[in-house]
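None of the values given here were measured: they were computed from a predicted structure. Both backbone and side-chain heavy atoms feed into the values below; hydrogens, waters and symmetry mates do not. Chain letters run A, B, ... following the sequence lines, proteins first and then strands; every chain starts at 1.
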Amino acid sequence: MNAMLSDEELRGLLAEAAADFPVPDPVIAVPADPPGPGWRPASMRRWQVGAAAAVVVAGALVASAVLGGGGPGSFTDTAGERIKRAPGSPLGYSSADGSPAVAPQRRAPTGTSIPGAGTSGGAAGVTSGGGTVVPRDDSRVVKTGSMSLAVDEGRVGATVARLEGLVTGLGGFVADAQTRESGEEPSAQLVVRVPVARFDSLVAQVRGLTAKVVSAQVAGKDVTAEYADTAAQIASLRAARSRYLDILARTRTIGETLTVQQRVDDVQRQIDRLEGQRRVLANRSELGTLTLSVVEESDERLATAAPSGWSRAWDDARDGFVGGLQSMLAGSGRALLLLAVGAVVLLLGRLGWRRAQRRLV
Amino acid sequence: MDDLDEWLRRDYPTAYRTACLVLRDPVEAQDAVQEAFLRVWRFRDAVPAGEARRAWLYRVVVNACVSRLRSERVRTGKDGGPDALAGLPDRELRPEDVVERSALAGDVLAALARLPEALRVPVVLRYYVGLSEKEIAVAIDRRPGTVKSRLYDARQRLAQDARLAAWATPEEVAQ
């Protein structure tokens, strides 16, 4: 019983067992998700993956050191300060049609413009300091804005509650909220989304609060043409995909199947990309975004008048210079480590090369 | 690449049945082989010529099977197990032949199922596909010595399977 099975016995048994599986049609059915161009054999050596990862990490470190600022730590809260997120604030949400929405924007620093607002450069874009954009019935306008409010001492929390009430009353919601109600500089930053049709009403109601409006910026960008163009491209690509699928059903060889499947994949990728753009446009043109900053009036940041454009530019340049230096200094440790590792590798390579040469000789 | 097309078609039955023996599920096996063949076709520029080509093909097939086994384990928390045998197809033979064939296949597959994946794959590649130990080493990305010891270990374990040993009488094998 315990005698080893001979090779012939095993071959016979496995052949018999395998023959029990009738071979299906050899025509290759293309799977729904064929491997992408980045596929590699699972047995690829781990050191190859590690080396690739190391190169990417090194590149990221160098880029981080050179560019400076904006790193992951940019939004790190100061230790000891009480930062709370508004309860029930939907940080990930969907639009009314269930489509995924864009991530809520981070708060913009007081006095700076929201990305894409006011500087969009769109032909139909209308930017004004409190001006309005009147959309046509079938138009799609993206509205964004920011307002900085100063309130009496100890009124930050109450003002935030009032703002949340206004937003909710207009059918909107708070996408992001950060409040600091204790410490030396109580403040709050809210990112709110309201239906575009009620965006101007919200701005007007915020202006009607007892808080002092330190600065305000509202911008509108007409994306009607962009939206319509995207929708037309999607329709065209869907028709093309349908034709390719018909052709795919008639292919006979693996080569034909894969060639057509490649076309289908390409078209599908374009459709997915455009669908994403369309959903973002739809979401942003259905809901306006207003960033609200609230600080106490005694705060030193408001003691001076709003800085001029030149002053802001100088401040930005100075901050960028200092931030870049700090980042370079922070990254210098990693750079030195990388240099040391590189030197060791070079040394070992050189030694190996000399040995190889000696052997050849 | 007509040559590759023809080569893939010729090896399809063996590759499919190899996947059946490893996965013990015809549907999963079909998907795995199709996936493997598509990978081979897509990366046809990397396919080596000559004798190494077959080992390379089975390396891709084995990888596809193993990744399915692993995802199945993640999904169900266990290996395929005896339940996977329920899906075995019947052959168009006399009823008594069907019973015998199914019983043999069931016993062989059950014995393979009791082997860990690291032993099962070399056994199938060696004794069903007919790859050499060197080719198996390429296919599973291990050293030939490792393959040799795994095959020895697998054969020892299979020899202890009473039901399998009963099938391995000279008369049955000759048939």
Mind checking whether L10(A) and R155(B) have side chains closer than 4.5 Å, heavy atoms only? yes
Rounded at 0.5 Å granularity, tell me how far CZ in R44(B) sits from CG in L258(A). 7.0 Å
Which region of L8(B), side chain (C-beta onward) or backbone (N, CA, C, O), has a non-hydrogen atom less than 4.5 Å from a non-hydrogen atom of chain A, or is it both or neither? side chain
Would one find more than 12 heavy atoms of other residues, nucleotides or ligands at under 6.0 Å from atom CZ of R263(A)? no
Show your reasoning for whether side-chain contact (heavy atoms from CB on, under 4.5 Å) applies to I254(A) and Y12(B). CA-CA 12 Å; I254(A) 296 174; Y12(B) 180 81; over 6 Å; no
Find the distance between CZ (R126(B)) and CG (L14(A)) and round it off to the nearest 0.5 Å. 11.5 Å
Heavy-atom distance under 4.5 Å to chain A: side chain of V62(B), backbone, both or neither? neither
Rounded to the nearest 0.5 angstrom, the OG1-CH2 distance for T253(A) and W41(B) is 6.5 Å
